[in-house]
Amino acid sequence: MRKILDGQQIHKSFDIEKEKINVLQGVSITIYESEFISIMGPSGSGKSTLLYALSGMDTVDSGEIIFNNQRLPACGESELAEIRRQQMGFVFQQPTFLKNLTIIDNIVLPAVRDNKRKTKELAKKAQQLLENTGIGDLAYRMTNQVSGGQLQRAGICRALINEPKIIFGDEPTGALNSKTAEGMMDYFLQVNQEGTTIMLVTHDAKVAAKSERVLFMKDGQIVDELRLGKLAHQQGMDSRIEKVTRKMLRIEM
Amino acid sequence: MYFRVIRNDLFRNKLISITTMLFISAATALVCLAAILSLNLIGSIETLTKQAQVPNFLQMHNGNIDKERLNNFAEEQENVKKYQVLDFLNITNSSIQVGGNNLIDNVQDNGFTTQSSSFDFLLDLEGRPIHPAEGELYVPIGYMTDGTAQIGDEAMIAGKAFKVAGFLRDAQMNSPLASSKRFLVHENDYQDLVSKGTLEYLIEFQLHDTSKTNEFETAYADAGLEANGPALTSTLFKVINGLSDGIMIAIILLVSFLIVLIAFMCIRFTLLIQIEEDYREIGTMKAIGLRLADIKKIYLAKYAFLALAGSLLGLLVSFIFSNPLLENIRLYMGESQYDSWSIFLAILGSIFVFLLVIGYIYFLLRRFRKISAASAIRTGSPEENTARKNYFLLSQNKLMSTNVFLGIKDVLSRKKLYATMLIVLLLSCFIIIVPWNTYHTVSSPSFTKYLGFGEMDLMVSIYPSEEMEENKQQIVNYLNDDASIHQYVEITSKSFRAVKEDGTEEKIIVELGDHAAFPIEYNAGKAPEAPNEIALSSLNAEEFGKQAGDTIEIITGEGPESFVVSGIYSNILNGGKTAKAAFSDETAPAMWLNYYIQLNHANQAAVTAKKMSQVLPFASVTDAHHHKQQVFGSTMDSMKTAANVALIVALFITGLVSLLFMKLVVTKDRSAIATLKAIGFTNQDLTKQYAARGIFILIIGVAGGSILANTFGEAIAGMAISSFGVDSIAFISHPFIYLGFPSLMLIVTLLATKLGTNQAGKIPIAENIKE
Ligand SMILES: Nc1ncnc2c1ncn2[C@@H]1O[C@H](COP(=O)(O)OP(=O)(O)OP(=O)(O)O)[C@@H](O)[C@H]1O
Ligand SMILES: [Mg+2]
């Protein structure tokens, strides 16, 4: 299998009032093409920080990150932006939309910048993505006129509009009720089956249990790993959840 | 208890707080300055009028004089309090040498006189009548300020030596707009000079009842007394004295009005942003039962503090600046009797601005009532208008680049926010265009058309004398022979009597000749062409109660004749009361004769004028450009200075407000910026988006400002120019004013935008994506 994202010995620290806190202390992580990977860990263990580092949204102190054969630490600001725009998709816990644009405009936003002439096709594509997530009739609403769950689904549509190599999610289901969260996860699974690599940060064992591999973080390091294999037809969910929960409990102790 | 909240708030928004305060102080300073200056100007004029004992009616006369007859007239008139005839000894400018300067290039009529014993005194700088010793020369104050003369200078007047002993204030002729200047010498010296110049007379009256000056003027004219020259009244002296400073005060008032508006915009804008930022907290406060009045109090206290500090500072600044500005008024007219009153008025002015600001804050805070606790907590920001959401969609945009689209969309969807910047840019544009257009209009060659004379290069005048016919022929011969002359026209001024509405008769001076050759601008109607047509100056039209199309009865050599008023024009010469007609009347005596001359090359005016005055020594030759420069030069210079100052101020305001505004918007947009960066927009994209917003607002602002300047601004400028006696003007503009200056604004806006938004690139995604 081909490596899509490879991070080695990543260090990252923050300076707070002259005190240096090391948030990532030599993290190494390798993600393969078409993988569905979850990251779990106690609050403050550095999960989000790792995600921002791997996607080039934040710089690192030291270490190497290679995404799709490109060395991210060597890239400039606009190169990183281009990589994020064309090859990555993001879904965050809080919906991050431009408030003065409609849902569909928010979705085409990352795509029209480079393809203004294809606006029509892009709008059509966005509409199709909305239909796929079941909110096709909300395309022309403003972002404050739909529910949180609907907005999260719109977020996935935006992440998918440029057909990225990888989608990063930082607790994309964190603000949703369990039923909505499950629907979201199923959609992620479907996208993954179509070939897109997915990396999610989550607190929820039920979410992690649907992924192929779970990495556990603690105090800025990856301390354990659980290989669950691809989920087929929702089978064996209970035992997968149990395995994740057990490991999680042990790490938190 | 609010003290700490307010203090923290002021510190948190240092830049905003300081700017708001500065605008308030600038507004206060200007309002107070205008108050101080105008009251002192009025006071000084009154002091000068009182000290100099200005005549209520003055008839200048050039020619022989029958003192006996005048005496009788003065005694018969019950209204006459005092009467005198003063000499004005006109000496050619080339014979006047003061220090190292010869007055040959001066266009004023410079004359010499002795101190009056009765009234119309020439005063020293302390306001006392001067009694010069023999050999002493007192020089008009204007020659001190323009550097022509200094105390102690040696002077040579028509071959006689003098020493400049001091400077004099002349309540009649101080102003550069008055065409004559009086020098003062000792009686004995005067006798020595008399033979060297031509004598003119100032026939002066002081009246018991000054409200009947107009009646007296008519009575004088009716009596058929000496009247070869303009007649003037004390009201006109006051106006002329106050004019140039009056214009300055008017400009200061206008600018202060605009600055108050800009200060309001600043306040509105910061308050709006703050309310939005505090929105959730306000909701919470309301939810836990804090009363609205309490919340208002916090805001009000903060701005009351800023307004208080600002208006105190402004008051102080106005006191500091009033002294240098008052210097000119004091120098020309002396101390004002209202000095302490003006301070009182200035304090009132600052209180007025303070109250205005507080009132405005009250007005703005009314929007608080509309915030419901529930909606504030839920959405966290005031609801933006989402009613018309389906227009201007990115998913349908093929025209603009995405960045430009996002910039414009943002402006359109947050109109209230951007209205502030728009109004400031609009006002800035207005502040730039109006003074420049005014200056350009007044300084353009065709402006003379508004002053009642055509676009001529030279004017040759002669007064009636024995050799008149001979002289005329000489002039005409010269004009026909000189190849550098493009065209000329002969205009004779004659005095007639015209019948007023109430049946009484009044003197009217009519310029007879071909008025098509040097066309002028008519406020209404057109030039007189047919022999039964006449055009009136606006003052005369008012005097006789006529409009274009009316008929007026004039008594000519043939008896009373009816004329149609063909047009009305503005004119400031001869007290503004003139008329133009094309008929001829050989019986009426000419008062003076003018030749208007247009050269092939206007820049030859000075040379040709010199040549002509040598060849035609009996005529007075005026270089129209030079004349205009000397009469209006100082006024035009101060207009240009004002226009330049306005330009710099407006550009500064544009830059400062754009900078502040963009900085605040970036802070406000943190999470949107983080989102855009996360999904792959570069820093350059962000810069372009902000620039698009800036340019979009600027375009609307400049368009609006230009329209406003050409309507409202033109009207205001027209009012200012009407002090020259011009009634209605249309701006004569220059492409640079509408293209160049907005381009400057564009550069400033873009620089400010760049500077104000470069922080946007540094906003970390991770910390701001969470909202
Ligand atoms: N910008 C920052 N400045 C200083 N410290 C930070 C910053 N961002 C994160 N940290 C610190 O780094 C550590 C890891 O933060 P991070 O957000 O990665 O945790 P997390 O694992 O995502 O936690 P959670 O599950 O609560 O989201 C925390 O101790 C946090 O306080
Ligand atoms: Mg996190």
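We name chains A, B, ... by the order of the sequence lines, and we start the count at 1 in each one. For clarity, every value in this text was computed on a predicted model and none was experimentally measured.
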Show your working on side chain to side chain contact (heavy atoms under 4.5 Å, CB included) between I765(B) and R84(A) and close with a plain yes or no.
-> CA-CA 13 Å; I765(B) 304 173; R84(A) 281 201 298 278; 4.0 Å; yes
How many angstroms lie between atom CG of L394(B) and atom OG1 of T119(A), to the nearest 0.5 angstrom?
-> 7.0 Å
Answer whether the closest heavy-atom distance between the side chains of T675(B) and R158(A) falls below 4.5 Å.
-> yes
Pairs of heavy atoms under 4.5 Å with chain B: top-ranked of L109(A), N106(A), L101(A) | L109(A)
What closest approach, in Å, do A678(B) and F92(A) show between heavy atoms, and which atom pair accounts for it?
-> CB-CZ, 4.1 Å
CD1 of I679(B) to CG of L98(A): how many Å apart, nearest 0.5 Å?
-> 6.5 Å
For each of D105(A), V108(A), D114(A), L122(A), tally heavy-atom pairs with chain B at distances under 4.5 Å, and name the one with the top tally.
-> D105(A)
Find the distance between CD (E77(A)) and NZ (K677(B)) and round it off to the nearest 0.5 Å.
-> 6.0 Å
Please lay out, stage by stage, how R113(A) and L406(B) fare under the test side chain to side chain contact (heavy atoms under 4.5 Å, CB included).
-> CA-CA 10 Å; R113(A) 183 195 175 284; L406(B) 289 178; over 6 Å; no
Answer yes or no: is there a side-chain heavy-atom contact under 4.5 Å between V112(A) and F405(B)?
-> no
Can you tell me how far the NZ atom of K99(A) sits from the OG atom of S413(B), to the nearest 0.5 Å?
-> 11.5 Å
Decide side chain to side chain contact (heavy atoms under 4.5 Å, CB included) for L393(B) and T102(A); before the verdict, give the C-alpha distance in whole Å, the side-chain angles of both, and the deciding distance to 0.1 Å.
-> CA-CA 8 Å; L393(B) 287 171; T102(A) 58; 3.7 Å; yes
Checking L676(B) against chain A: side chain, backbone, both or neither under 4.5 Å from a heavy atom?
-> side chain
Within a strict 4.5 Å, meaning less than it, do heavy atoms of the N100(A) and D410(B) side chains meet?
-> yes
